[in-house]
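Below is one structure, written out as structure tokens; the observations come after it.
The chains referred to below are lettered A, B, ... by the order of the sequence lines, with proteins before strands, and numbering in each begins at 1. Heavy-atom basis, side chains included; hydrogens, waters and symmetry copies ignored. Given the structure is predicted, the values throughout are model-derived calculations rather than measurements.
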Protein chains: 2
Amino acid sequence: MPLSQSALITKLNTYAPLTSEEIASLTEVQSKPIVVRRGKELFHEGQHGQMVFIVQRGWASSYKDVPDGGRQIINFAIPGDCVGLRSVLLKESDHAFSALTDSTLRTIDAVRMTQLFEDFPRLRAGFLWSAARDEAMALEHLVGIGRRSAISRVAHFFLELAERLTLVGLATETQFHCPLNQYVLGDALGLSAIHVNRVLRGLRERGLLTVKSGVVLIHDLQGLGEIANYHSLNPRSQVSGSSQTGPPTQSLPTARLPNTRSDN
Amino acid sequence: MPLSQSALITKLNTYAPLTSEEIASLTEVQSKPIVVRRGKELFHEGQHGQMVFIVQRGWASSYKDVPDGGRQIINFAIPGDCVGLRSVLLKESDHAFSALTDSTLRTIDAVRMTQLFEDFPRLRAGFLWSAARDEAMALEHLVGIGRRSAISRVAHFFLELAERLTLVGLATETQFHCPLNQYVLGDALGLSAIHVNRVLRGLRERGLLTVKSGVVLIHDLQGLGEIANYHSLNPRSQVSGSSQTGPPTQSLPTARLPNTRSDN
DNA sequence: CGACGCTTTGACACAACTCAACAACCGTGG
DNA sequence: CCACGGTTGTTGAGTTGTGTCAAAGCGTCG
């Protein structure tokens, strides 16, 4: 069984060990591998998406277009990731999904997915748990864009990416391949591509991280963790961004409580 | 049955009509109403939150603190809203949750919730659908903060709020009560309170919207919809922000595709 | 070789933040 | 009744982070 196939299983196993029957059924409901070229739109916002995609090889992204011509990337999907669960629940997709590189994916039809979940409640629980985890990442993303400086955002992004890639064996402690150019990074981080460039230069000059021809080198995990104030998704591999070190990059406003009675 | 109690049921009914047995059980698993003062923290980030909160009266907020002293509000909970489902799935909460006004809530214990979902799959489906809807809102929020100008964000925020409040009978077409001060708004919208003030002035001067002593008055729904580029959560009550009208407030960068082959 | 995609840099503009001060409002207590 | 402090809203002046525009450098590939 190829790595990328087992990636999803490994992930679900983290939640609760799967029986061989569950694994067999999960494999069985999946379509044959689909190979797509980079740029291929798998589904668009508003589409009545009745299927889930599982990435086996390559990178993809979930995003929303804004009418002014820009877009916001919500999440990058890497091998082992499952995209579109929420779209199935909502009957129509609230975001678009495209391949960033040439990729291989499998799909699961919504109906078969539903059936699978009825037959194997533990699989349902596992998928829900995985979806909850993705949502937690999206929230962290929200906080980053809303309340963190550009440099902190970028540092945070690469740390999270490194951790995710490590989980599926696509990164070592200090380096990984990353096919995202600065335009794409900008769209993900809510920055202009040019500013991404400046921030990357800053990180490079501080000796923290280098991005060169599609390869990310992490020179100073600790230092990055401090700038990013990164908290690992996995409790064990905590980077421990010491919360009191260094001058705050930027001080941000704290809200006082509203002083209103409830009269609803 | 008080309005606020029926709000959740109404919401779930939108997904699929509930039987009286389902309604009875849903009511039965809930705790007695809990009355809290404004500022009360219901749970904090990282807490092993084994319960779900349902707001009956008052306003609350989900948020994450950032170490620099700022925070990002993820969502406001209004009567009928259910908070903490994801926390139950993840075993620990990825955000904090506090009352913004004096409020009344009910809780559902995680264990009883699980049992309820096993007994009534349609209730489970309803809750999941509701959660998916909340997440769709959070994503829209993400896009707003990442890719929209301040004025567009604020306009969008109030339109969405108006729609949500209308659904539970707490707003009319043109006005509603809103206990959020400018500091809180800033924390939600990724802006400083002072800038919120300036943006509100802008909206007022354009004759679009007024906020005065806790009451929001919408003067020009159409105009707001255009600035916000708002798309209704409910397909029927579309505000139809005409996508081609007016000069773009701000033009934003579009990413080109990365030119990298997949070699994962 | 030229075309293309991507990165890098500089100069400049502007949106949003900070600091500081003041005004309006409200409940409390003298 | 008025003085008071606390909270919130308003405004101005100055700063800064980030976006825009423009141009050049540099691999890679056909």
Query raised in the report: Among D/dT20, C/dA16, D/dT8, which nucleotide sits nearest the side chain of B/Asn181?
Result: D/dT8
Query raised in the report: For the pair made of CG in A/Leu189 and P in D/dT18, what is the distance, rounded to whole Å?
Result: 12 Å
Report summary line: Sorted by chain and number, sequence neighbours left out, salt bridge (Lys or Arg N to Asp or Glu O under 4.0 Å) with A/Arg153 holds for none
Query raised in the report: Can any side-chain N or O of B/Asp65 pair as donor or acceptor with the backbone N or O of B/Arg71 at less than 3.5 Å?
Result: no
Query raised in the report: Do the side-chain N and O atoms of A/His44 and A/Ser93 include a donor-acceptor pair separated by under 3.5 angstrom?
Result: no
Query raised in the report: Taking CG from A/Leu191 and P from D/dT20, how many angstroms apart are they, rounded to a whole number?
Result: 11 Å
Query raised in the report: Which residues pass the salt bridge (Lys or Arg N to Asp or Glu O under 4.0 Å) test with B/Glu140, sequence neighbours left out?
Result: A/Lys64, B/Arg148
Requested in this report: Tell me what A/Gly190 touches on the nucleic acid: a base, only sugar-phosphate, or nothing, going by heavy atoms under 4.0 Å.
Outcome: sugar-phosphate
Report task. Give the rounded distance in Å between these two atoms: CD1 of A/Ile145 and P of D/dG19. Result -> 11 Å
Identify all pairs in which a protein N or O lies below 3.5 Å from an N or O of nucleotides 10-15 of chain D, and state each distance.
unit_1 : atom_1 : unit_2   : atom_2 : d
D/dT10 : OP2    : B/Gln182 : NE2    : 3.1
D/dT10 : OP2    : B/Asn197 : ND2    : 3.1
D/dT11 : OP2    : B/Arg201 : NE     : 3.2

Query raised in the report: Distance only, no hydrogens: is a donor on one side chain within 3.5 Å (strictly under) of an acceptor on the other, for A/Tyr230 and A/Glu163?
Result: yes
Requested in this report: For A/Leu180 and C/dG5, give me the distance from atom CG to atom C1', rounded to whole Å.
Outcome: 15 Å
Query raised in the report: Which of these, B/Val216, B/Leu170, B/Leu217, sits in a side-chain contact (heavy atoms from CB on, under 4.5 Å) with B/Phe176?
Result: B/Val216
Query raised in the report: What is the distance from CZ of A/Arg148 to C1' of C/dC17, rounded to the nearest Å?
Result: 19 Å
**Report entry** Rounded distance (Å) that lies between atom P of C/dC17 and atom CG of B/Leu185
**Finding:** 13 Å
Requested in this report: Grab the NE2-P distance between A/His195 and D/dG17 for me, whole Å please.
Outcome: 9 Å
